[in-house]
Amino acid sequence: MAEGISLEELQLAARNHGMPLEALRYPVTPVGLHYLLTHYDVPDVDAGSWSLRVRGEQEVSLGLDEVRARPWVELAVTMECAGNGRARLDPRPVSQPWLLEAVGTARWAGTPLRPLLEEAGVGEGAVEVLFTGVDRGSEGGEEQAFQRALAVEEALRDEVLLAYEMNGEPLPPQHGYPLRLIVPGWYGMTNVKWLCEIEVLREPFSGYQQLWSYRVRQTEDEEGEALQWMLPRSLLVPPGIPEFMTRERFVPAGEVLVQGRAWSGLAPVASVDVSADGGSSWRAAELEPEEGRWAWRGWSFRWQAEPGACVLCSRAGDEAGNEQPLEPAWNLGGYANNSVQRVPVTVTG
Ligand SMILES: Nc1nc2c(c(=O)[nH]1)N[C@H]1C(S)=C(S)[C@@H](COP(=O)(O)O)O[C@H]1N2
Ligand SMILES: [Mo]
């Protein structure tokens, strides 16, 4: 399955790093360990000459100081790339070959979008709000800026932020300096980095990243369905110690405290189950208190590890009744593969 990784996929994988899974220990991911995905180049934005243009019924332009002078809000938000799990699909869709590590949680701080949109005037007949980043590149043979649109009612959600801080510091260049969009609960592509323009649209946006990418479909002829909310997923803090090449784990026999984190954009996490036999039998893990609706939730499970080889799994379910599948469903772009993680473990005597 993992055969035939091309140098081009490797090139993407080396630029766009994942969060090492042992960083699941931290409720808030240290900045340098947060996953990273940039389609084109990280732009070098000069905050002095940068401005944010907001085009509604009126046009408003703000410098960074003016954005910072507005009300300040901080939210812990778990962000996951829609392509997380792609490399485990067979055949493997060729793009950024994520395994499971395209996730992180940060304290994003900035100013709420809604009041700014209302000041600019959304107006009758508005259907979507378009967000444009400074970065440009070519994709699917089309030169473009990175652009994504949101339905007006999504853009007006109270928790949608224009963020200029990550974990209490100004955004680093790779995460969108000086300003990015944060849409809690949605897959990563929605959170436009290096934001420079916001425009209220009277027609749905038909750009590449909206109508071509980030859709679940089986063939190119199909319109498919746009990706939005993150599906439930749970990941384990890898127990014990790893083998260098295979990452297989070695754990001494006895009681092992297995820990992990789970999230779902669709609805709050309701349960996490753990299996030590590759998903044949399951037992409930203990959930830690929630650290806000939009951040992943910690869990733990006391496992009596007996010598031999086994496969540890965890499975999240949410309050809307969504649960992780055991096997992935294939799609053309390799999106939203939230099938259960399998961690091979050798329990030593
Ligand atoms: N301007 C811009 N915004 C962007 C992207 C990009 O390439 N350009 N990548 C998107 C994708 S696909 C993801 S998964 C997230 C990743 O955010 P991070 O790199 O801060 O983790 O940013 C999104 N915002
Ligand atoms: Mo992504």
Side-chain angles (χ1 to χ4, degrees), residues 12-20 23 28-45 50 52 77-87 93 95-110 130-140 143-150 160-167 169-198 207-210 212-216 226-231 233 263 265 296 333-338:
L12 281 175
R15 286 182 54 79
N16 296 314
H17 66 78
M19 180 191 71
V28 171
T29 313
V31 171
L33 295 178
H34 193 282
Y35 89 97
L36 188 67
L37 196 134
T38 300
H39 283 233
Y40 313 131
D41 291 345
V42 173
D44 179 23
V45 183
W50 172 92
L52 175 68
V77 176
T78 295
M79 190 186 293
E80 181 185 20
C81 180
N84 203 14
R86 173 181 292 131
S95 184
Q96 168 69 29
W98 294 124
L99 293 164
L100 286 166
E101 55 296 279
V103 66
T105 296
R107 290 188 288 111
W108 299 103
L130 178 65
F131 301 88
T132 302
V134 170
D135 51 327
R136 295 186 69 80
S138 171
E139 207 172 337
E143 195 190 314
Q144 56 193 288
F146 187 88
Q147 292 183 302
R148 289 275 310 175
L150 274 178
V160 174
L161 293 186
L162 300 177
Y164 47 82
E165 288 172 8
M166 181 182 190
N167 297 357
E169 299 286 339
L171 294 182
Q174 68 273 25
H175 289 293
Y177 180 84
L179 192 72
R180 80 178 301 173
L181 182 66
I182 294 290
V183 182
W186 281 48
Y187 277 117
M189 71 286 164
T190 318
N191 303 277
V192 176
K193 303 193 271 191
W194 311 293
L195 191 60
C196 62
E197 191 171 303
I198 301 175
Y208 183 88
Q209 306 297 343
Q210 201 88 21
W212 189 259
S213 289
Y214 301 110
R215 303 188 79 87
V216 175
L227 287 150
Q228 301 187 337
W229 301 91
M230 295 182 291
L231 300 181
R233 192 197 290 279
W263 63 94
W296 53 24
Y335 298 118
N337 170 12
N338 69 330

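Remember, it's 1-based here, ligands and their atoms both numbered in the order they're listed. Quick caveat, the model's predicted, so the values are computed rather than measured.
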**Report entry** Test applied, side-chain contact (heavy atoms from CB on, under 4.5 Å); reference residue, Trp108; option that passes from Leu171, Asn167, Leu162
**Finding:**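 Of all the options given, the one that passes is Leu171.
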Below 3.5 Å, N or O to N or O, backbone or side chain included: is there any such pair between [X] and ligand 1?
{"X": "Leu37", "value": "yes"}
{"X": "Glu80", "value": "no"}
{"X": "Tyr40", "value": "no"}
{"X": "Asp135", "value": "yes"}
{"X": "Tyr214", "value": "no"}
{"X": "His175", "value": "yes"}
{"X": "Thr38", "value": "no"}
{"X": "Asn191", "value": "yes"}

In ligand 1, which numbered atoms sit nearer than 4.0 Å to a non-hydrogen atom of [X]?
{"X": "Met79", "result": "17 (O)"}
{"X": "Leu36", "result": "19 (O), 21 (O)"}
{"X": "Cys81", "result": "14 (S)"}
{"X": "His34", "result": "21 (O)"}

Considering only non-hydrogen protein atoms, determine which one is nearest to [atom] and report residue, atom name and distance to 0.1 Å.
{"atom": "atom 7 (O) of ligand 1", "value": "His39 N, 2.8 Å"}
{"atom": "atom 3 (N) of ligand 1", "value": "Lys193 N, 2.8 Å"}
{"atom": "atom 15 (C) of ligand 1", "value": "Gly188 O, 3.4 Å"}
{"atom": "atom 14 (S) of ligand 1", "value": "Tyr35 OH, 2.9 Å"}
{"atom": "atom 11 (C) of ligand 1", "value": "Met189 CA, 3.6 Å"}

Query raised in the report: Judged by modelled atom types alone, do Tyr208 and Gln147 share a side-chain donor-acceptor pair under 3.5 Å?
Result: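 Checked: Tyr208/Gln147 side chains show no N/O donor-acceptor pair below 3.5 Å.
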Query raised in the report: Does one side chain, of Glu143 or Ser138, offer a donor that lies under 3.5 Å from an acceptor on the other?
Result: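 No.
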Query raised in the report: Under the side chain to side chain contact (heavy atoms under 4.5 Å, CB included) criterion, do Tyr335 and Arg86 qualify, and how do the steps go?
Result: CA-CA 6 Å; Tyr335 298 118; Arg86 173 181 292 131; 3.3 Å; yes
**Report entry** Exam field: side chain Asn84 to backbone Ala102, donor-acceptor pair closer than 3.5 Å
**Finding:**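 Here the side-chain-to-backbone pair exists.
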Requested in this report: In sequence, state the C-alpha distance, the side-chain angles, and the governing distance for Trp194 and Leu179, and then conclude on side chain to side chain contact (heavy atoms under 4.5 Å, CB included).
Outcome: CA-CA 5 Å; Trp194 311 293; Leu179 192 72; over 6 Å; no
Query raised in the report: Any non-hydrogen atom of Arg180 lying under 4.0 Å from ligand 1?
Result: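 Contact present.
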Report task. Evaluate the side chain to side chain contact (heavy atoms under 4.5 Å, CB included) criterion for residues Asn191 and Met79: first the C-alpha distance (whole Å), next the side-chain angles of each, then the deciding distance (0.1 Å), finally the verdict. Result -> CA-CA 9 Å; Asn191 303 277; Met79 190 186 293; 3.7 Å; yes
Requested in this report: Fit a plane to each ring of Trp98 and Tyr35, take the angle between them on a 0 to 90° scale, and name the class: parallel (under 30°), tilted (30 to 60°) or perpendicular (over 60°).
Outcome: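 Perpendicular: the ring planes of Trp98 and Tyr35 meet at over 60°.
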Query raised in the report: Quick check, are the ring centers of Tyr214 and Tyr187 under 6.0 angstrom apart?
Result: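 No, the ring of Tyr214 stays outside the 6.0 Å limit from the ring of Tyr187, centre to centre.
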Requested in this report: Tell me, please, whether Trp186 has Arg148 positioned over its six-membered ring: NZ or CZ under 6.0 Å from the ring centre and within 45 degrees of its axis?
Outcome: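 The answer is no; the distance or angle limit is not met.
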Requested in this report: Using the side chain to side chain contact (heavy atoms under 4.5 Å, CB included) rule, take Met189 and Ser213 through it: C-alpha gap first, then chi angles, then the decisive distance, then the call.
Outcome: CA-CA 10 Å; Met189 71 286 164; Ser213 289; over 6 Å; no
